[in-house]
Amino acid sequence: MSLSRREFIGIGGAAVAGMALAPGLRLVELAQARSPDEAVTSLQRWGLLVDIGKCHDCDACVTACHEENGVTGHGRPATDPQWIRKVTLKDKQSGYVQTLPVMCQHCEEPPCVDVCPTGASFKRADGIVLVDKHICIGCRYCMMACPYKARSFVHEDTTDQKPQVPRGKGTVESCTLCVHRVDVGKIPACVKACNKDGNKAMVFGDLKDPNSDIRKQLAAGVSTQLRPDLNLNTGVRYRGI
Amino acid sequence: MIRKRKSCLAIVVALLTVVGFASSAPASEAKKPERIGPTVKIHRGEKCVEDTEFMRRNHMKVILHQRDETMHQGIRTTKHSLKNCVDCHADPKTNSVLDQEGFCSSCHEFASVKIDCFSCHTDKRDKNAVAVAPFKGVAKRVQP
Ligand code: SF4
Ligand code: SF4
């Protein structure tokens, strides 16, 4: 096992903080209390669990995402950016219809990062896959490589971006797992909306923390990755497909 | 005749010179060129996060460094963040740093240096994030 200096310091910090805290406080709270000047570490891996059995005809997550991130279209569905979408599955035999939200799956082995010629596509230490738009040249290789069609190209000038979410013409973008929220200890906008206005079908948390809600729920029942055959070890998991 | 004209001219010139000097005294100020430079309006806070002199020369290095740390390591300190610059320096009327007399644009236009930041980042102040009255101390950012 090789630990970088920062990770080692991180562990030390967590241990010290752990000792100082009252028993019963979970590591996820320590994680969320990461101070703004501390770098993210691979001690965490953020993930999502979507229970399709609970997800019905509703698009609270999509609306909330696009509102939070200032993703606006021009009424041109073929080229308008889309960070999250509802996909409908229909069983041809029985006619049973299911819907599920699909967004960047935050792969552990992301093909988008493999193909990116510039290093703009990258995975953060905590598993969130992002595009560094300062570096992206808009070649769109990553869009071709992504098996989940999760990425969009910004074709037109952007105005009125959200202060925390820069977006610009000529670059590729996708779900950031609301990294600007996660970094300050909040949950992604889609999960918040699903819990509030939707069907409480989404859970967000640290996949590496044995005491986190998401880990417990994953351990308690069957769940799957989309296209598990690709061996990407996605951070987003589904239940009930 | 010619001589008369010449002397007349000399008198006029002499008079003009005297009048000229009298109206534009002291002489040293008359020679000073008109001050050229951009209008840089400071709207909020008494003090920048670094010395003004330092920032004039190095602001681009400071935000470049912060940019990489935030993007790749999730370090979200506000001191050197572009967002913090905009929150303080946006014009209270337009809420922007880019208009004709905008804090960023006025100087950059003068120096003829294109700013790339705002093709992706918003040039508008985050209305929720700043909760401090103008001109009273350095603006503090408050998370919404
Ligand atoms: S889902 Fe697509 S965009 Fe997201 S990490 Fe995987 S390959 Fe990259
Ligand atoms: S579009 Fe940008 S992020 Fe995607 S592969 Fe090309 S340079 Fe990398």
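Keep in mind that the numbers below use all heavy atoms, side chains included, and drop hydrogens, waters and symmetry copies. All values derive from a computational prediction rather than experimental measurement.
- Interface summary for chain B: among A/Ile128, A/Thr158, A/Val179, the most heavy-atom pairs under 4.5 angstrom belong to A/Val179.
- Among residue pairs with one or both ends in residues 165-197 of chain A, none qualify as ring-ring contact (aromatic ring centres under 6.0 Å, His included); sequence neighbours excluded.
- Shown here are the side chain to side chain contact (heavy atoms under 4.5 Å, CB included) partners of A/Glu156, two or more places apart in sequence or in another chain: A/His74, A/Arg76.
- By the 6.0 Å contact criterion, NE2 on B/His65 is open, its count of non-hydrogen atoms from other residues, nucleotides or ligands being 12 or less.
- For chain B, the option among A/Lys123, A/Arg124, A/His134, A/Lys133 with the highest count of heavy-atom pairs below 4.5 Å is A/His134.
- Taking chain A as the reference chain and counting heavy-atom pairs below 4.5 Å, the highest number among B/Lys79, B/Lys124, B/Arg67 is found for B/Arg67.
- Side-chain contact between A/Thr234 and A/Tyr148: present, with at least one pair of heavy atoms (C-beta onward) separated by less than 4.5 Å.
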